[in-house]
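Some notes on the structure that comes next.
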Amino acid sequence: MQKKNFIWKSCSALLMMAMIGLGTVSCGSDDDDNPTPTPTPVVPGDTVTTAVVPTKGTHRYVMMFTNFSDQVVYFKDADITFEGTTVSVAGLSDFLPDSLVYGTIDGDVLILPEAYLGSYKPSEIMETGMPVNFMGATFQIDRTTGVFTSKEGFYTLSGQTPMDHFINITLNPVVEERAATPATPQCYFSKFNTGTMYVVNMNIPLFDTDGRALLSDKLSYVIYYEKNGQVQPITFTPDLYTKLTEPMTEIPYRFTDKWDIDNYMVFMNQGKDELKSWSRVGVQTIYRGGGAENRSEIGWSEMRDLQ
């Protein structure tokens with residue numbers, strides 16, 4: 001049975017797909033004990049991938065933002081390329097993350113005008129894509145920390161249909177090589193759509209416990225379950241996850257099989273009877289940097305909707 005005929009992009013994409021009738025899913029978290037970390041300025045002595053507001057080259061940032069539709073804070077990578085006062089930014093749209101938005105720096109302000117991003121196909125069964133337009137944004141620049149901030153944020157449209165809509169955005173320069181303990185992730189176990197499939201929705205911060213941005217290619221995660229009082233990691237095997245070629249227990253942050261596994265949602269293909277024997281599921285992140293390996297606390301979710 002074909003259960004997914006489109007490629008997942010993000011929680012925003014899921015909300016968009018719900019609007020056009022392709023599915024519904026909760027993107028929230030029931031973990032109120034793990035507040036969203038607030039980014040802090042880079043401390044003296046840290047090696048940073050970006051000078052304070054560079055003038056040349058491509059530099060990695062972590063974008064922290066509030067998704068307007070569900071008022072949840074999320075995190076993702078963004079790359080900014082500088083050529084003097086001219087810039088291009090990749091990673092703004094969840095639907096077309098590789099599309100570039102060009103802009104200029106004028107004093108302490110980054111101005112990104114309206115732009116056409118490209119065509120997005122939410123489903124493989126659609127013959128033509130949806131044109132996506134970026135509707136412009138303005139960021140204030142902190143010359144001390146190198147952080148770009150836009151409280152108003154931005155939105156994208158396809159015709160009159162809203163796509164992305166993000167507010168309270170910060171673009172945070174990434175510390176390149178240091179040891180760090182990642183902030184506790186959040187997760188939420190729920191039924192997918194109205195069928196018999198179940199998912200773990202995840203919100204994995206790209207910040208450490210001190211609020212400093214992390215390099216996503218040094219971050220991975222493990223999903224745990226508790227059964228009969230025993231906590232064990234889930235190993236995802238090709239017999240249940242058919243797009244995999246080998247078993248996986250630790251999953252790199254950027255990995256996706258474009259079917260069951262992505263860094264914000266994983267389908268639980270173990271079967272309802274097995275899932276009913278679990279008392280809870282949790283997510284732990286692992287960061288390898290500065291010659292050290294550090295693990296977050298496990299963010300837990302109770303099992304639900306398994307009647």
[Y] and [X] side chains, donor-acceptor separation under 3.5 Å:
| X | Y | result |
| --- | --- | --- |
| T170 | T149 | no |
| S216 | D77 | yes |
| Y287 | E293 | no |
| D164 | S93 | yes |

Taking side chain as C-beta onward, heavy atoms only, is [X] less than 4.5 Å from [Y]?
| X | Y | result |
| --- | --- | --- |
| I251 | V222 | no |
| S190 | V199 | yes |
| F82 | I105 | yes |
| P182 | P205 | no |
| V200 | M265 | no |
| M303 | Y198 | no |
| L275 | Y225 | no |
| V109 | T138 | yes |

Next on the checklist: If hydrophobic clusters are built from ILVMFWY residues whose side chains come within less than 4.5 Å, do Y74 and I167 share one?
Outcome noted: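 Result: no, two separate clusters.
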Checklist entry - Looking at the rings of F166 and F154, which for Trp means the six-membered one, are their centres under 6.0 Å apart? => result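 Judged by ring-centre distance (under 6.0 Å), F166 and F154 do meet the cut-off.
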Item to check | Proximity of Y155 and F134 rings by center, below 6.0 Å | outcome: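 Not under 6.0 Å, so no.
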Is it the case that more than 12 heavy atoms not belonging to [X] sit under 6.0 Å from its [atom1] atom?
| X | atom1 | answer |
| --- | --- | --- |
| Q230 | CD | no |
| K151 | NZ | no |
| Y224 | OH | yes |
| F255 | CZ | yes |

Are the charged groups of [X] and [Y] less than 4.0 angstrom apart, N to O?
| X | Y | answer |
| --- | --- | --- |
| R280 | E226 | yes |
| D217 | R60 | no |
| R143 | D108 | yes |

Next on the checklist: With side chain to side chain contact (heavy atoms under 4.5 Å, CB included) as the test, pick out the partner of K272 among E274, Q270, K276, M268.
Outcome noted: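 For K272, the side chain to side chain contact (heavy atoms under 4.5 Å, CB included) check succeeds only for K276.
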Item to check | Of N172, L171, V53, the residue whose pairing with V147 passes side chain to side chain contact (heavy atoms under 4.5 Å, CB included) | outcome: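 Testing V147 for a side chain to side chain contact (heavy atoms under 4.5 Å, CB included) against N172, L171, V53 leaves exactly one candidate, N172.
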If you compare all heavy atoms of [X] against all heavy atoms of [Y], which two are closest, and at what distance to 0.1 Å?
| X | Y | answer |
| --- | --- | --- |
| G129 | S119 | CA-OG, 3.1 Å |
| S279 | E302 | O-OE1, 3.3 Å |
| F75 | I204 | CD1-O, 3.7 Å |
| C187 | V281 | SG-O, 3.8 Å |
| A78 | M63 | CB-CB, 4.4 Å |

Taking [X] for its side chain and [Y] for its backbone only, find out whether a donor-acceptor pair lies under 3.5 Å.
| X | Y | value |
| --- | --- | --- |
| N203 | V73 | yes |
| D257 | D260 | yes |
| S158 | P131 | yes |
| K258 | K243 | no |
| S301 | F189 | yes |
| D208 | R212 | yes |
| Y188 | W300 | no |

How many angstroms lie between [atom1] in [X] and [atom2] in [Y], if you round to the nearest 0.5 Å?
| X | Y | atom1 | atom2 | answer |
| --- | --- | --- | --- | --- |
| M135 | L112 | CE | CG | 13.5 Å |
| F267 | F192 | CZ | CZ | 4.0 Å |
| T256 | Y264 | OG1 | OH | 7.0 Å |
| T237 | E246 | OG1 | CD | 12.0 Å |
| D94 | N67 | CG | CG | 7.5 Å |
| T66 | N168 | OG1 | CG | 4.5 Å |

Next on the checklist: Between L214 and V62, does the side chain to side chain contact (heavy atoms under 4.5 Å, CB included) criterion hold? Intermediate values first, please.
Outcome noted: CA-CA 7 Å; L214 299 175; V62 167; 5.8 Å; no
Next on the checklist: Distance to the ring centre below 6.0 angstrom and angle to the axis at most 45 degrees; does that hold for K121 and F95?
Outcome noted: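 Cation-pi check for K121 and F95: fails.
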Checklist entry - Given V266 and F236, is the side chain to side chain contact (heavy atoms under 4.5 Å, CB included) satisfied, shown in steps? => result CA-CA 10 Å; V266 175; F236 300 92; 3.7 Å; yes
